[in-house]
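In what follows, chains are A, B, ... by sequence order, proteins preceding strands, each numbered from 1. Owing to the predicted nature of the structure, the values given are computational and were not obtained by experimental measurement.
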There are 4 protein chains.
Amino acid sequence: MQKRFAVLLVIFALSHATVLKASDQEVQPSQSADISGHWVFSAVVLGEPVGGRLIFKVDGEKLTGTGDGLSLFGKLQEGKLEFGLWAQTRPVATFKGTIENGKLSGTVTLRGQPGTWTAQRPSTRPPDAPLFHNFEPKQFHRVFSGAIDPVLKIYPGDTIHTWSVDAGGIDHESARRSMGGNPQTGPFYVEGAVPGDTLVVHLKRVRLNRDYAISGSSITGRALTPSYLQTIKNAPNFDSKWKLDRERGVAMLANPTEKLKNYSVPLRPMLGCIGVAPQGRQAFGTGDLGPYGGNLDYNEVREGTTLYLPVFQPGALLFMGDGHAAQGDGELTGDALETSMEIEFTVDVIQGKMVREPQAENDEYLMVFGIAGSLHEALQSATTGLVQWLERDYKLNSAELAVVLGTSIRYDVAEIVDPHLNVVAKIRKSVLAELNKESK
Amino acid sequence: MQKRFAVLLVIFALSHATVLKASDQEVQPSQSADISGHWVFSAVVLGEPVGGRLIFKVDGEKLTGTGDGLSLFGKLQEGKLEFGLWAQTRPVATFKGTIENGKLSGTVTLRGQPGTWTAQRPSTRPPDAPLFHNFEPKQFHRVFSGAIDPVLKIYPGDTIHTWSVDAGGIDHESARRSMGGNPQTGPFYVEGAVPGDTLVVHLKRVRLNRDYAISGSSITGRALTPSYLQTIKNAPNFDSKWKLDRERGVAMLANPTEKLKNYSVPLRPMLGCIGVAPQGRQAFGTGDLGPYGGNLDYNEVREGTTLYLPVFQPGALLFMGDGHAAQGDGELTGDALETSMEIEFTVDVIQGKMVREPQAENDEYLMVFGIAGSLHEALQSATTGLVQWLERDYKLNSAELAVVLGTSIRYDVAEIVDPHLNVVAKIRKSVLAELNKESK
Amino acid sequence: MQKRFAVLLVIFALSHATVLKASDQEVQPSQSADISGHWVFSAVVLGEPVGGRLIFKVDGEKLTGTGDGLSLFGKLQEGKLEFGLWAQTRPVATFKGTIENGKLSGTVTLRGQPGTWTAQRPSTRPPDAPLFHNFEPKQFHRVFSGAIDPVLKIYPGDTIHTWSVDAGGIDHESARRSMGGNPQTGPFYVEGAVPGDTLVVHLKRVRLNRDYAISGSSITGRALTPSYLQTIKNAPNFDSKWKLDRERGVAMLANPTEKLKNYSVPLRPMLGCIGVAPQGRQAFGTGDLGPYGGNLDYNEVREGTTLYLPVFQPGALLFMGDGHAAQGDGELTGDALETSMEIEFTVDVIQGKMVREPQAENDEYLMVFGIAGSLHEALQSATTGLVQWLERDYKLNSAELAVVLGTSIRYDVAEIVDPHLNVVAKIRKSVLAELNKESK
Amino acid sequence: MQKRFAVLLVIFALSHATVLKASDQEVQPSQSADISGHWVFSAVVLGEPVGGRLIFKVDGEKLTGTGDGLSLFGKLQEGKLEFGLWAQTRPVATFKGTIENGKLSGTVTLRGQPGTWTAQRPSTRPPDAPLFHNFEPKQFHRVFSGAIDPVLKIYPGDTIHTWSVDAGGIDHESARRSMGGNPQTGPFYVEGAVPGDTLVVHLKRVRLNRDYAISGSSITGRALTPSYLQTIKNAPNFDSKWKLDRERGVAMLANPTEKLKNYSVPLRPMLGCIGVAPQGRQAFGTGDLGPYGGNLDYNEVREGTTLYLPVFQPGALLFMGDGHAAQGDGELTGDALETSMEIEFTVDVIQGKMVREPQAENDEYLMVFGIAGSLHEALQSATTGLVQWLERDYKLNSAELAVVLGTSIRYDVAEIVDPHLNVVAKIRKSVLAELNKESK
């Protein structure tokens, strides 16, 4: 059978989407008897975890609201509640339960299968938010996985200042801190993020914190024709260490050959990896990428860029690492100018609305990542993502989408060396400013 | 940085390869003082597990042998041992340790990084081997992962008789036993299998154990041209339940349309999934496939077929499931004739020699699975795998390989609906019988 | 602008399709005054040739009928005629003209642009048809092109016995007859075939006519992984000449290496090339393939196979050549066992119905060729072609197509070495016999 | 057999390359008896034309020099000459002939096959060169082909001022001049260009000459995911006519929908097509592209860009057309803003050195076109072309190439809608200025 891996009951309806920012973090009612408002639930059915958000409206004994974007109908009597989540005309799940000590718990029937569930109020932001966290990493991870304990719990609006080791596991003081293979800093647990949301990461600082980098010294075979590949002569003893001159803003080979003694590359520090824990019990090596983000290796994931990542696990579990001092398109040599990095970022959560693939934004462009096993499917995915973004936010019809993208789309080949390939479709924000956007 | 995920110290040298069968399971020396012979070690370096096989030869105080295919040199004095594993002229790892209660333990330095290690004798086969196990599964798994506890430990030569639920989680009595998505029976831990080995699985029985199946009823968009895709009209209310007539050996739609009332498909029961735990801490959904095998969806993985799978984790951890009563090439509809299955298989281990991708064999053909993100790269991988098999076993040079495969290679498009695609390159064994094979 | 190359006014409607065979070749009315029945017209508009078939029905002064599959309405008065061809509610072309000496001529307005036209009766089959032609080729062609003068005009039902040189231009007596690069025998002009028809070629004999062949001795880089490609060592001085033993039915290397001294390949003579002149003024090298057929390099284009080719030029202009004594899937070495060939074939024409890509049939299978620039698009094209064949001939809906092909489709990777790749989708005729076919 | 289409005897050695400009056009000796210097020869062998350049040095009776880049050795006695062209240690061709009326003619043996040849002095540039030609096109062509008579013969250094119709065949006065499908202006015959040379085209003016354009209004299915494709709703009655406001430098829809009433696109006039006659007797539709250039559809083929095209036919035969007022990446809608165009260009010839694929240059970038049947192979071809350019001009070794391109390569996805796809690899000239280039 082919893959079908539905974590969520349904993809959230757009009308429920609200950005959860520091300023508008809602205060939850204090008396436990009133179940109105937001809850985070987790259920186990047939040994599989399912989770999401419940929003109750209480009107006497009548319960309405939404659960995972579905319509909720039920009743509440003497501390006992019973409700169903309905997709159109059919109940998808029915819950029975009781309220005790401010928590809900009971039994659930999901698509005919019995299970148990609990729910509790979303964690309340402490009064002095948003916070600034200075996080010193101790351990580094080589898989993106929901099974890893978070190193820090943060709230939407909080800012984290931290650093990452280079792709080989070496830190800014040249000390080995991990095995190689893009070891990650994190994961950070973002309060209020549940599966079906979108995590927003604003990269405030992505700065070099040491003076050297190491690059690859051969072009990936995937980018060269088979006939040329068979003629390549190895250049032995090439030293691919780079000196990073932060004052002049350039990288140069530390021990250049005669031909390259004047060759310099402008420093444009970027993160090769940024991602969240993937769906279910999956765990992917940090050399790979997917809907959860990961080893995106795109040279525009830089200071000033905002990332949008789908949330598959409670708290999202955000990882980052694999800093590059500079990188051409495609990350042709497998290793860009690999180095450790100083990082500062702020998070937000868009509730009830999930991007289907990583997206990004900077001053100039909206960008959609197309991640697939071939360039062809990566480009298809990127184009479709951008089409759907414009469809959703600007309500353009198919002909309007065609003339806008036919004249204004740009593609970047982000990387072609990882197990999955990454093509970015982007469009200038100045172009979008000319569209008559009636509603978002 | 691109992916580089080296679990093993090195790929094992061919000369160490021996098939570990029931009949020739070696007896280990009983006195704990003599450390000669096989050990299984596991180490932790920078938080990462590393493991494999050590083979000591003791000559007075002098230690020689091999470890993970590398040369081992060291000394043994008064219950203390110290040795290095050497790749060519450089030590890759150095071990220090002591012997206590028949176990070894100590500290290790792997590529400059400190860690700890332990080793113990491989488990000894019980005297009444090989055994026949009748295994009744209770739980089913939807990821291929080394983090799942094995349900049964078996020895090379043992036979297991068991069964699997269908891709949707339904068993032969129509009871739901799991969420859908190719839930797997297993994992089975195979004693004596360590990373760098090859697991051999002989499928003795793959038989239907119920009378119906469910198939898909639309062709995957990946297999159709974009222009045709835009013209498809859905056929509503189509009932894709099949009746499996085990006496006549055919499947027919349970409630066929007028056009298909005489349409029948010969029953050819197969397993859509067979795989081992992947490398490191990775965990892949059971809808996907890779070097670890998985959702191969190849209609020749049937009774009588032998599979070869690389071992990435101690005990290999073998999973299987996703039975199909019949399937065309490519698994075009995403769901073949999905049904539960009765399974019987025997395992062997080829020590010290690892296939790089799943391979198979039946009476007629040698088969290599090419698994990749595009048809193009899947075909490249399959061809190369078959080339390397012939190179290794028949010592053919590039021109000999070209004329043999140029005249005798056959390709099957196994599946094109899963996240990774699967192309099989195969060659008749009768062709190979004509090659002058000097040594294997 | 992208390609849009419409030769034909429209693709012919299915209801007009009739197979033109020797036995039912219609006799045309002899008196020139009655214009009823079939005409072949050619027009020139804006310097471009357009052509096809007109079928008049005369009812007093009223003209009806069809032209290139469009509806024809007009009038006929005193040797002057005036008519339009209508697509639904709009006239596509309007013709004015006169009858003189059994020919029609005049002016035409096609999509608003003026031009001239002439028409004449289709050539009448001589009374002693069908004929057997023994054709001795003198010249060989290295492009598929409508600009090449036909070497012989034949009628549907006729049989041609001829031969081809090998891919290098050498004939059965080892004489060089042409430069290399798949020089073709032909082209043969088939009376009664006009653009929009389908040419049917029954291969009656495809037999070896000499005792040796030459093959390639390296595997195409396209079929191997980039990393393997960089490790290949050339095997110098390999002699890739083959001895063809027609009595034993096997090929063996003429001067085998030690390893291959017993290696033999069953002879299965096939034609690497069969094709017609492509659309318009295009001319394609005989190493390439496309909707016109060409260098298909499929090992089932053999004696006993029937080919269906779209007609793009008056007379179709049929070419063939590039014989292979045997070939594995994919034509991995670029050159199969290249040899000269004895060929005998019979032609038919299916009027008013055009296959969109080459198709074939033998005792066992229906086969559709998917020809494209990538394996992915080739497989899409092949699947879609087979889907459309079943849709057209069996009137299956999308779910019926899915369950039939999901259980019964087979793919062959025909070749992966030419500029375009070729994947074949096929289905057993025994399967189709089980479908309730109401009308064809 | 796969394609092998060698036009040239060999690819020219680099050391023979010289740019033939207006200023340095050499004067040929006038007396016919002295055969020293340049000749253009054409031969016919086995019905196939072969041609190129001969350069004789005469030393008494001894003849030396080069022919098609091969070494030439022979003798000259009493008006009779006899010489061979040698590749390393083997003669490829031997010529015998006589001198008469300033022409050479005789018999040739090419790779063992007999033929005839003639040669004459290259046409001498008229004294008043370089010329400025104002060329008014009358006819337009829909194939790139060497069989089309040139409309004008020009010399290196000459400038041509002309115009093109739009992709549909409509000129700047809205008159239809041709059937649609990218009809081309030309072909122009460039004196002194022979197969194996490179044609240089400097685009001096590419300007709009009318006030409207027509675009497509749907996105090509190739750029969208199969699942999205099945959900698209057509937007009927969309008017895709654009108003080109040359004063403000923008295009706007002539009759915009409410959403697009403020949407404007900066005018960036470009040529969708520029190409030469392809090799041999091939003729390709003007919707396609290949090593000969053609329908490149790259939005940087603009005023100020210089193109490099391989020469396959005597005189190169240069075509151009298919103007776009503006185009996004990929030409997503199949039709960009299609319009007629005013064009002015100057030509040069690089003798004895042939680019393998089209290349281009503007103030900022060097660009290589990768043209293939898939994005994957197009990117491989583009990268390899850029690698080879740097290898040739800067003598970088494989590691130097890797670090320069790994840090500085950029890719553009030029178009994905034509039969072949086009990916451009480019590098800033400022980067190259930092390389120590020892010799070109």
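Taking chain C as the reference chain and counting heavy-atom pairs below 4.5 Å, the highest number among B:Ala223, B:Ala402, B:Gly216 is found for B:Ala223. No other option in C:Thr407, C:Ile232, C:Val413, C:Asp412 has as many heavy-atom pairs under 4.5 Å with chain B as C:Thr407. Chosen from B:Gln327, B:Lys261, B:His376, B:Glu400, the residue pairing most often with chain C at heavy-atom distances under 4.5 Å is B:Glu400. Among C:Thr257, C:Leu332, C:Asn299, C:Thr384, the residue with the largest count of heavy-atom pairs under 4.5 Å with chain B is C:Thr384.
Contacts between C:Ser374 and chain B at a heavy-atom distance below 4.5 Å are absent for every atom of the residue. For B:Arg222, the parts lying near chain C are the backbone and the side chain together; criterion is any non-hydrogen pair under 4.5 Å. Residue contact with chain C, scored on non-hydrogen atoms closer than 4.5 Å, involves the side chain of B:Glu391 exclusively. Contacts between B:Leu421 and chain C at a heavy-atom distance below 4.5 Å are absent for every atom of the residue. Of the atoms belonging to C:Leu229, not a single heavy atom falls under 4.5 Å from chain B. For C:Val387, the part lying under 4.5 angstrom from a heavy atom of chain B is the side chain only. Residue contact with chain C, scored on non-hydrogen atoms closer than 4.5 Å, involves the backbone and the side chain of B:Leu224 alike. For B:Tyr263, the parts sitting under 4.5 Å from any heavy atom of chain C are the backbone and the side chain alike. For a residue to count as touching a neighbouring chain, one of its non-hydrogen atoms must lie under 4.5 Å from one of that chain's; by this rule C:Leu253 touches chain B with the side chain only. For chain B, the nearby parts of C:Tyr411 are the backbone and the side chain; heavy atoms of each come within less than 4.5 Å. Both the backbone and the side chain of C:Ser264 come within less than 4.5 Å of a heavy atom in chain B. Contacts between C:Ile427 and chain B at a heavy-atom distance below 4.5 Å are absent for every atom of the residue. With a 4.5 Å cut-off on non-hydrogen atoms, C:Val265 touches chain B through its side chain but not through its backbone.
Ionic pairing of C:Lys243 and C:Asp211 is not present here: no N-O contact between side-chain nitrogen and carboxylate oxygen is shorter than 4.0 angstrom. A salt bridge is absent between C:Glu364 and C:Lys426; no separation between the charged side-chain nitrogens and carboxylate oxygens falls under 4.0 Å.
Residues that satisfy the side chain to side chain donor-acceptor pair (under 3.5 Å) test with C:Asn234, not counting sequence neighbours, are absent from this structure.
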